[in-house]
Amino acid sequence: MQSMTVKPMWDGFGVEITGIDLSKPDTETQDKVVELFHLHGAVVVRDQNLNPEQQMAFTERFGEPETNTRLEYTYPGEPRIYVISNKKVGGKDIGDYQAGLGWHTDSSYLEKPAMCTMLHALEVPAEGSDTLLADLCAAYRALPEETQSKIDNLKIHHSYQALMDMKGVTLSDKQKAELPDVVHPMVRTHPADGRKALWVSTGTTRGVIGMENPEGLELIQKMVTHATSEPFVHAHKWRKGDVLIWDNRCTLHRGTPFDVSKYVRLVHRSWVKGDRPV
Ligand code: SIN
């Protein structure tokens with residue numbers, strides 16, 4: 001196993017790893033990173049240069065990779081890698097540069113949402129484009145006990161259709177049948193150590209089961225506002241070569257804008273399938 005330096009990234013959330021090369025087929029080192037990931041909410045491994053095949057080999061150490069629904073922006077020949085970029089080749093966009101600009105947790109519209117998300121930065125703007133991560137366990141712990149017991153057993157109605165409505169996209173009957181609405185807990189327990197996360201999101205949420213709207217949606221919004229308030233949000237400032245992996249079971253995330261007329265951003269994203277939230 002390669003020796004690595006591990007440092008806390010932020011107070012009580014995330015770790016930074018240096019001194020290793022993830023392109024080597026060294027599963028022992030890679031599995032140590034996976035172990036740290038399960039406990040810390042997010043991990044950044046600095047100074048990497050992974051081709052798509054190497055990124056997918058590392059992704060597979062976390063579990064089974066998830067596929068993408070929008071194939072037009074996936075890497076040619078590797079549909080499990082989604083290209084986040086404003087770069088053009090031959091006058092044509094090679095990626096989607098606006099992926100994930102609102103607070104969300106990935107694929108919360110699925111019965112088994114993505115467990116983790118990995119971004120590998122190949123080109124980064126000199127300013128802007130931070131990825132923000134909200135620590136949902138810290139957000140849950142900071143709630144008054146009375147609020148915790150009020151929400152502990154609540155369930156949220158999530159819907160892919162709701163997300164597409166926001167984007168003005170009409171789903172075909174086939175898509176509707178493939179992606180039915182799902183119900184997930186508002187408070188999610190992490191399988192690694194039982195810690196609880198305030199597992200709310202925006203975009204896919206239609207309301208709270210057993211509550212009328214607007215009260216249900218207002219409660220979700222109130223919890224999102226709390227979870228994404230300053231004490232719980234951490235900004236990842238990108239360096240070329242970073243591999244950032246966050247745990248969707250206990251975080252919300254969002255991208256931030258940058259000056260697309262001045263800078264190029266090129267990031268390769270891969271996902272790992274998750275379990276049914278409990
Ligand atoms: C995402 O939400 O998947 C991407 C976030 C980012 O581009 O920083």
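These figures come from a predicted structure and were not determined experimentally. Ligands are counted one by one from 1 in listed order, and the atoms in each one are counted from 1 as well.
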By side chain to side chain contact (heavy atoms under 4.5 Å, CB included), His190 pairs with (sequence neighbours left out) Ala192, Asp193, Arg195, Asp247, Arg249, Cys250
Going by side chain to side chain contact (heavy atoms under 4.5 Å, CB included), name the residues that satisfy it together with Ile94, two or more places apart in sequence or in a different chain.
Val83, Ser85, Lys87, Val89, Leu266
Got a sec: does the CD of Glu178 have more than 12 other heavy atoms crowding it under 6.0 Å?
yes
Within a 6.0 Å radius of atom CD on Glu212, are there more than 12 heavy atoms belonging to other residues, nucleotides or ligands?
no
Under 4.0 Å from ligand 1, counting heavy atoms only: the protein residues, by chain and number:
Ile84, Ala99, Gly100, His104, Leu119, Thr131, His253, Gly255, Arg265, Arg269
Residue list, ring-ring contact (aromatic ring centres under 6.0 Å, His included) with Tyr140, at least two apart or on another chain:
none
Which heavy-atom pair separates Asp135 from Gly12 by the least distance, and what is that distance?
OD2-O, 4.3 Å
